[in-house]
**Student:** 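I have a structure here, written as structure tokens, and I will follow up with some questions on it.
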There are 2 protein chains.
Amino acid sequence: MRTRNQRTDRRTDALSKERIVDAAIEILDTDGESALTFRTLAARLATGSGAIYWHVADKNELLTAAANHIVARTLGASVNDADPREGIRAIALGVFNVIDIHPWVGTQLSREPWQTAMLQIFEGIGGRLRALGVPEQAQFDAASVLLNYILGVAGQNAANARLLPREVDRSAFLASIAARWTQHDPAEYPFVHQVAAQIPNHDDQEQFLAGINLILAGIESTR
Amino acid sequence: MRTRNQRTDRRTDALSKERIVDAAIEILDTDGESALTFRTLAARLATGSGAIYWHVADKNELLTAAANHIVARTLGASVNDADPREGIRAIALGVFNVIDIHPWVGTQLSREPWQTAMLQIFEGIGGRLRALGVPEQAQFDAASVLLNYILGVAGQNAANARLLPREVDRSAFLASIAARWTQHDPAEYPFVHQVAAQIPNHDDQEQFLAGINLILAGIESTR
DNA sequence: ATATTAATGGAACGTTGTTCCATAAGATCA
DNA sequence: TGATCTTATGGAACAACGTTCCATTAATAT
């Protein structure tokens, strides 16, 4: 009997979409978005780029699969179903935090529309809106605002992480942003100047949640 | 007197940042984001890429300048200051529509943080929130939700426009999205399935405005 | 007229995503 | 067991891109 057990004990170094996606995630996490190329990936997997293309259609599919993997894992964990409001906050915060750790996920979410990761977020939100008693007519709009707000913040945070040379002091980074803001004419940009003062001691995550709460308040007020 | 009048009657074909940005906008609008390269741009301006680099640092600066140009022109036009609520809606709708016409602006807004275009939107919103009577403490958070929601929608619409092969029938496009949604397991994605039915006769702009109204309601309810 | 600076345009460089293809490994069948 | 066919591999080659370099020209100042 030469036939090995189906798909079990093949060569241990066999390539697979899973191994490729895992390696891609490692590169993205440790060296950033720009470090992932088919050459670095092939080097890490000790193969050639042609072999990778046998398992993956193109770079876009690879990035989508990587982002889906991370988001699915995150959303699966954070389930709090006592209060639908809390459930929505937990989903939103989960996405926010996952992008804090893997900023490239934010880039991918805002670049590629209607991928599975987005639908998962959408479903999680929508189901809880129903539980909240939002009428069916209004559910689509309500879930859409929440999702787009989350995607907007995701994109911005990913973009910020892209410029941040890697672990630059956070307060120095905030200060440099505030400085850029105050360079504009105060007469033309009074609000920007007023807010620039609040930037240094400013908590991204707290402000993100405040946004979620404002939207939830809006959804519940228009019933 | 050989000296010509300062900066007036130079060679009529002289390059300038303005001419370069204008040409870039034309290419982006007529042939899409992927069509803008330093080669196509040089060809259109009948010059070489080196000459362009004398006026523009890199492609990022070029795109930022182009987006700022378009957004500034749009926001300058749509001023309605009878009601601050209407003013905010006008700004949001202005950005939405400008991205409908120039989708690449949406890509740029979500990719490059804290550029002038974003600050202009932020300032327009913030000033009107103040006029609305939102307490100063809450203005930052309130302006931030609105801005991030707008940016989220901007990014998604830009991404959609990128996939749309150019002027494909809109209803066919919506139908294909709904089809993709319903491919997922109905048991796992009940909300997505419910909403997929509403996609075909669905107005993007209307839903966008509904989102703005929900957020405004939330802002006004938590005072 | 001459020297200096500003601006030009096109060749060349290095990197990228992707394709191609000769070859090897695994499975199937005589 | 050996022959054949499919699956999978890895590295060379390609086209396109952003960017840099540099010899040359136009405009200005001396």
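Numbered from 1 within each chain, the chains take letters A, B, ... in sequence-line order. Note that the coordinates shown come from a computational prediction; the quantities given were computed from them, not determined experimentally.
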**Student:** Rounded off to whole Å, could you give me the CG-to-P distance for the B/Asp58 and D/dT20 pair?
**Tutor:**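 Checked: the CG to P distance equals 8 Å.
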
**Student:** For the pair A/Trp181 and B/Phe140, name the ring-plane relationship: parallel under 30°, tilted 30 to 60°, perpendicular over 60°.
**Tutor:** perpendicular

**Student:** In whole angstrom, give the distance that lies between atom CD1 of B/Ile20 and atom P of C/dG9.
**Tutor:**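 Result: 10 Å.
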
**Student:** How far apart are the closest heavy atoms of A/Ala117 and A/Leu109, and which atoms are they?
**Tutor:**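 Residues A/Ala117 and A/Leu109, closest heavy atoms: CB-CD2, 3.9 Å.
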
**Student:** Identify which nucleotide among C/dG17, D/dG18, C/dG9 has an atom closest to any side-chain atom of A/Lys59, counting heavy atoms from C-beta outward.
**Tutor:** C/dG17

**Student:** Check this one for me: any side-chain N or O of B/Trp54 less than 4.0 Å away from OP1 or OP2 of C/dA7?
**Tutor:**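 Checking C/dA7 against B/Trp54, a side-chain N or O does come within under 4.0 Å of OP1 or OP2.
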
**Student:** Taking atom P of C/dT18 as reference, at what distance in whole Å does atom CD1 of A/Ile52 sit?
**Tutor:** 12 Å

**Student:** Of the nucleotides D/dG10, D/dC17, D/dG11, which one has an atom closest to the side chain of A/Ala51?
**Tutor:**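 Within the option list, the nearest is D/dG10.
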
**Student:** Do the side chain of A/Arg39 and the base of D/dG11 come within less than 3.5 angstrom through a donor-acceptor pair of N or O atoms?
**Tutor:**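 No pair found.
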
**Student:** On DNA chain C, check which nucleotide each of A/Gly50 and A/Thr40 is closest to and give me the residue with the more 5' one.
**Tutor:** A/Thr40

**Student:** Taking the six-membered ring for Trp, is the centroid-to-centroid distance between B/Tyr149 and B/Phe208 below 6.0 Å?
**Tutor:** yes

**Student:** With respect to the side chain of B/Tyr53, which nucleotide from D/dG18, D/dG11, D/dG10 is positioned closest?
**Tutor:** D/dG18

**Student:** Check the distance between C/dG14's P and B/Phe38's CZ and give it to me in whole angstrom.
**Tutor:** 20 Å

**Student:** Which part of the nucleic acid, if any, lies within reach of A/Leu36 when heavy atoms closer than 4.0 Å are counted: base, sugar-phosphate only, or nothing?
**Tutor:**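 Sugar-phosphate, backbone atoms only, no base.
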
**Student:** By nearest atom, which of the nucleotides D/dG18, C/dT19, C/dT8 is closest to the B/Leu15 side chain?
**Tutor:** C/dT8

**Student:** Could you state the atom-to-atom distance from CG of B/Leu41 to P of C/dT8 in whole Å?
**Tutor:** 13 Å

**Student:** Just how far, in rounded Å, is P of D/dC17 from CD of B/Glu33?
**Tutor:**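 In whole Å, D/dC17 P lies 14 Å from B/Glu33 CD.
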
**Student:** State, yes or no, whether a side-chain contact exists between B/Ile88 and B/Leu129 at a heavy-atom distance under 4.5 Å.
**Tutor:** yes

**Student:** Is the shortest side-chain N/O distance from B/His55 to OP1 or OP2 of C/dA6 below 4.0 Å?
**Tutor:**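 For B/His55, the contact criterion (side-chain N or O under 4.0 Å from OP1 or OP2 of C/dA6) is not met.
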
**Student:** Which heavy atom of A/Pro103 sits nearest to which heavy atom of A/Ile101, and what is that distance?
**Tutor:**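 Of all heavy-atom pairs spanning A/Pro103 and A/Ile101, the closest is CD-O, 3.3 Å.
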
